[in-house]
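Heads up: the structure comes next, in structure tokens.
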Amino acid sequence: MIEKDRMPRLGIDLGGTFARAAVVDEQGRILAADKVALSERTPSAVVEAIARAAQQALKAAGAVDVNACGVGAAGQIHGESGVLAVAPNLGWRNVPLGALLAERLGHGVRVVNDLRAAAWGEFNAGAGRGSQDMYTVFVGSGVGSAVIANGRLVTGGSGLAGELGHTKVVPNGRKCGCGELGCLEAYVGGHNLMAQTRELLASGKSPAIRELTGGDPEKITPVTLEKAAELGDAVASELYERVALMLTLAVANQVTVLNPARLILGGGVLTHCPGLRRRVVEGVQKYASTTSREGLLITEAELGDDSGIIGAALLA
Ligand SMILES: [Zn+2]
């Protein structure tokens, strides 16, 4: 008989196109995993897709017993309500995902923001092991961060702590996906990096972006701007250095405020843009206050796409 708190748990990673489920042991190891494509995005269809992925993962793990489930979902989740207040990927507002899923699965479900889940996964089973105070920054299609202080995930008054992507870097600047103006994410998030690169291509002022894409805006990726800057293109370099500095200052200022022992950098944009990652690492050494970064270890996320599912399971 397995003790209750040592039972494997179910972790769910709910993205915009797939629901992934994994059976995770108490040390954060994935015992089995499966995924189901989201053909429809209505709450009931998504709950069914999650349930199917969960059943398949449980079967693959050898029909183990689980009594807890954690869901990491992209979006804003207020406190422990399990309600996805805003989930742009799914086009949802105020969907009580936790309650719907608990009813379907027959046991407790905890819903957390995907980046907070990923940070918790890294903290327990990845690049954060052994530290108590960790700050994690993910730059992918969006920009997010999570704070772990004294070994605890900082959630904030209404569960929204860590929204680095929506800190303002330009008063009345570019419109962000959240609806506000001048957010960091509106400049550095992968979607917005591509949008700004497309604008440069359309302006006709960047020979390197034209050369890299053959003039086709569809060929632009989040990496195109960095590559164009490396080719010495003047307007591409100007934009690239500007957005890199925005990200760097934002991260360095958080280091000054939080004084973490470890800074973990992850997400697709930072993984695929080594120049951007280097600027952030060097910039933190330059712009975070000298005392706040004493003993700071800056490292890359280790668990890749699995961090969210592992963290969600461990938070269940
Ligand atoms: Zn925003």
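Just follow the structure's listing: the first ligand is 1, and inside any ligand the first atom is 1. For the single chain, residues carry numbers from 1 onward in sequence order.
- Counted by atom type alone, Ser145 and Tyr135 present one or more donor-acceptor pairs between their side chains at under 3.5 Å.
- Applying the salt bridge (Lys or Arg N to Asp or Glu O under 4.0 Å) test to Glu238 and every residue at least two apart in sequence or in another chain returns nothing.
- Under the 3.5 Å distance criterion, with hydrogens and angles disregarded, no donor-acceptor pair is assigned to the side chains of Asn259 and Ser292.
- Members clustered with Phe123: Val24, Ile30, Val112, Trp120, Met134, Ile148, Leu153, Ile264, Leu303, Ile309, Ile310, Leu314, Leu315, by chain and number, using a 4.5 Å side-chain heavy-atom cutoff among hydrophobic residues.
- When hydrophobic side chains of Ile, Leu, Val, Met, Phe, Trp and Tyr are connected at separations under 4.5 Å, Leu115 ends up clustered with Phe138.
- Of the charged side-chain nitrogens involved, at least one lies within less than 4.0 Å of a carboxylate oxygen, so that Glu163 and Arg116 count as a salt-bridged pair.
- If you look at the Zn ion (ligand 1), the protein N, O or S atoms less than 2.8 Å from it are His166 ND1, Cys176 SG, Cys178 SG, Cys183 SG.
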